[in-house]
Protein chains: 2
Amino acid sequence: MVRSGRLTPEVIVDAALRLGDREGAEAMSMRRIAADIGCDPMTLYRHFANGEALLDAVADAALADARDPGPGTPWAERLRAVMTEIRAAALRHPGISAHLAARPPLGDNGRRLGSGMTAALTEAGLPPADVVRASQALVAYLAAALAMTVRAGRRDERWAQVNHVVGGPPGDHLFVVGSDEQFEYGLRLLLNGIRVEALAR
Amino acid sequence: MVRSGRLTPEVIVDAALRLGDREGAEAMSMRRIAADIGCDPMTLYRHFANGEALLDAVADAALADARDPGPGTPWAERLRAVMTEIRAAALRHPGISAHLAARPPLGDNGRRLGSGMTAALTEAGLPPADVVRASQALVAYLAAALAMTVRAGRRDERWAQVNHVVGGPPGDHLFVVGSDEQFEYGLRLLLNGIRVEALAR
DNA sequence: ACCTGAACACCGTTCAAGT
DNA sequence: ACCTGAACACCGTTCAAGT
């Protein structure tokens with residue numbers, strides 16, 4: 001109910017991000033965001049084409065403090081770092097993390113981190129076409145692994161049942177779904193695979 | 001508006017799947033499914049706890065004709081086949097494919113295909129704990145790659161912009177996002193990575 | 001006891017009426 | 001011209017009233 005002097009996209013995005021952190025993803029409707037800011041729901045449409053565009057902007061804002069170690073770092077370590085940073089930043093903002101997982105962000109921060117990944121893959125020695133393919137594979141894996149973590153965090157019972165699909169002793173891998181360790185294992189598989197591709201050249 | 005003699009979960013799931021194929025994901029609301037069948041919306045709740053449970057059942061039904069080549073096939077080829085079959089089956093049912101991508105199915109078909117993957121990974125020589133980790137990494141990748149394809153199929157302009165994030169010549173990889181070829185490249189990376197893990201034992 | 005549909009508490013977005 | 005809020009066309013689900 002804080003009515004600020006002048007409403008800008010930045011103010012709206014910031015308020016929405018905080019609201020989501022506080023009250024969860026289901027609080028991030030156009031009506032509730034507007035109510036939180038203290039404006040008419042329609043006012044939001046003067047700054048964003050629709051609700052999805054607003055959430056895309058919020059998702060990108062959540063990545064503001066995800067860092068790229070930069071060109072000084074060896075390519076595999078840099079990729080690992082960027083992916084881990086993105087996942088951690090997303091999990092720091094539980095309200096928007098599911099949206100972020102469902103739709104890789106296309107704002108300034110997404111671009112910044114994406115080009116860090118591209119640079120690392122180029123340094124690995126992949127040809128340009130494979131840099132694109134590998135990059136998308138990494139983004140795909142990151143998105144899905146993040147979605148798993150978000151759902152596991154909500155203690156969605158269904159994800160526990162993934163164990164049943166996978167098979168094996170149930171108590172054993174209950175903690176695995178969406179865990180940091182699970183994320184890192186899949187990431188290692190991908191980095192191993194990229195190394196094999198690069199060496200095959 | 002076909003009022004069948006007796007309503008069973010199977011009849012509901014089948015009607016919902018066909019409705020989704022015909023009119024898309026947004027047609028698969030409880031109200032519209034009920035209207036299509038010709039029953040009261042509330043009748044659906046006598047067979048399913050809620051809308052999500054119904055969609056989970058529909059998602060599993062969409063996998064009915066995805067096949068596992070079975071133990072005769074070498075492990076890497078078997079994994080490739082099962083993953084490709086799941087993706088193809090999902091894409092044959094565009095109404096439910098997004099739901100399928102967002103939440104790996106936990107019904108009979110999901111279990112059947114999942115245990116095929118587990119068997120293949122065991123045959124590859126991974127220790128049991130890694131079989132689970134690798135399996136979840138594969139499922140995560142499949143889900144996200146499928147989500148990409150679904151969005152690309154809807155010609156979501158935002159996905160075209162992923163190119164912008166990735167960088168490089170734009171026209172070049174417009175076709176790559178969500179393509180069969182892109183899917184197979186990431187899958188190859190993962191299988192390469194699994195091979196490396198297995199050999200390291 | 002079982003079934004049903006009216007009602008509740010929401011959505012995103014359009015659009016006409018106000019300033 | 002700009003802004004706003006009433007209205008439209010939906011949701012999922014509850015629950016009280018009917019059979």
Side-chain angles (χ1 to χ4, degrees), chain A residues 1-13 15-20 22-59 94-100 102-103 151 154 156-158, chain B residues 1-13 15-17 19-20 22-59 94-96 98-100 102-103 151 154 156-158:
Chain A
M1 283 295 183
V2 180
R3 166 173 294 282
S4 77
R6 196 76 195 94
L7 219 44
T8 64
E10 289 74 25
V11 170
I12 293 169
V13 165
L17 183 60
R18 290 162 182 277
L19 176 62
R22 224 163 50 233
E23 302 187 30
E26 76 285 1
M28 302 184 77
S29 70
M30 296 299 265
R31 289 171 119 111
R32 288 182 69 174
I33 292 166
D36 184 69
I37 293 172
C39 70
D40 189 273
M42 279 313 98
T43 306
L44 302 179
Y45 288 89
R46 297 213 306 114
H47 298 96
F48 297 94
N50 50 41
E52 199 164 49
L54 200 169
L55 291 183
D56 286 347
V58 173
I96 199 64
S97 52
H99 184 87
L100 224 157
R103 160 192 286 274
R151 283 183 181 277
R154 286 197 212 137
D156 186 331
E157 289 162 32
R158 261 169 268 254
Chain B
M1 286 293 183
V2 180
R3 165 173 293 283
S4 76
R6 197 74 195 94
L7 219 46
T8 64
E10 289 75 24
V11 170
I12 293 169
V13 165
L17 183 61
L19 176 62
R22 223 162 51 232
E23 303 187 31
E26 78 283 3
M28 302 184 78
S29 71
M30 295 299 266
R31 289 171 119 108
R32 289 181 69 173
I33 292 167
D36 184 70
I37 294 173
C39 71
D40 189 272
M42 277 315 98
T43 305
L44 302 178
Y45 288 88
R46 296 213 308 115
H47 298 95
F48 297 94
N50 51 41
E52 198 164 49
L54 200 169
L55 291 182
D56 285 347
V58 172
I96 198 66
H99 184 87
L100 223 157
R103 162 194 284 275
R151 283 183 182 275
R154 283 196 214 136
D156 186 332
E157 289 160 34
R158 262 169 268 251

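No experiment lies behind these values; they were computed from the predicted model shown.
Rounded to an integer number of Å, the gap from CG of A/Leu55 to P of C/dC11 is 13 Å. Atom pair B/Leu44:CG and D/dT14:C1' shows a separation of 15 Å (rounding to whole Å applied). Between the P atom of C/dC11 and the CG atom of A/Leu54 lies a distance of 14 Å, rounded to the nearest Å. A straight line from CE of A/Met28 to P of C/dG12 spans 11 Å, rounded to a whole angstrom. Separating the NE2 atom of B/His47 from the P atom of C/dC3 is a distance of 9 Å, rounded to the nearest angstrom. Between the OH atom of B/Tyr45 and the C1' atom of D/dT14 there is a distance of 10 Å, rounded to whole Å. Whole-Å rounding puts the B/Phe48 CZ to D/dT13 P distance at 13 Å. Rounded to whole angstrom, the span from the CD atom of B/Glu26 across to the C1' atom of C/dC11 amounts to 16 Å.
The shortest non-hydrogen separation linking A/Ala49 to A/Ala53 is N-CB, 4.2 Å. The two residues B/Leu100 and B/Ala59 make their nearest non-hydrogen contact at CD1-O, 3.7 Å.
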Exercise for the section: Fill in the dot-bracket string of DNA chain C, one character per base: . for unpaired, | for a pair to another strand, ( ) or [ ] for pairs within the strand, taking Watson-Crick or G-U pairs under 3.5 Å. Expected result: ||.|||||...|||||.||
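Under the 3.5 Å distance criterion, the side-chain polar atoms of B/His47 are matched with a main-chain donor or acceptor of B/Leu7.
In terms of the salt bridge (charged side-chain N to carboxylate O under 4.0 Å, His left out) criterion, residue partners of B/Arg32 (sequence neighbours excluded) are, by chain and number, B/Glu23. B/Ala16 is linked by a side chain to side chain contact (heavy atoms under 4.5 Å, CB included) to B/Met28, B/Ile33, B/Leu54, B/Val58, counting only residues two or more places apart in sequence or in another chain. A search for side chain to side chain contact (heavy atoms under 4.5 Å, CB included) contacts involving B/Arg22 returns B/Arg18, B/Leu19, B/Asp36, not counting sequence neighbours.
Taking the C1' atoms as reference points, C/dT13 lies 23 Å from D/dT13, given to the whole Å. Here the separation of D/dC10 from C/dA9, taken at their P atoms, is 22 Å to the nearest Å.
The shortest side-chain heavy-atom distance between A/Leu44 and A/Ile37 falls under the 4.5 Å cut-off.
Of the two residues near DNA chain D, A/Thr43 and B/Ala49, the one whose nearest nucleotide lies more 5' is A/Thr43.
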Practice task
Begin from the C-alpha positions of B/Met42 and B/Met30 and carry the test side-chain contact (heavy atoms from CB on, under 4.5 Å) through to its verdict.
Solution key: CA-CA 9 Å; B/Met42 277 315 98; B/Met30 295 299 266; over 6 Å; no
Practice task
Any chance you could lay out the side-chain contact (heavy atoms from CB on, under 4.5 Å) test for B/Ile12 and B/Thr43, step after step, and finish with the verdict?
Solution key: CA-CA 10 Å; B/Ile12 293 169; B/Thr43 305; 6.0 Å; no
Sort me out a list of protein N/O and nucleotides 5-8 of chain C N/O pairs below 3.5 Å, or just none if empty.
unit_1 : atom_1 : unit_2  : atom_2 : d
C/dG5  : OP2    : B/Asp40 : OD2    : 3.2
C/dG5  : N7     : B/Asp40 : OD1    : 3.2

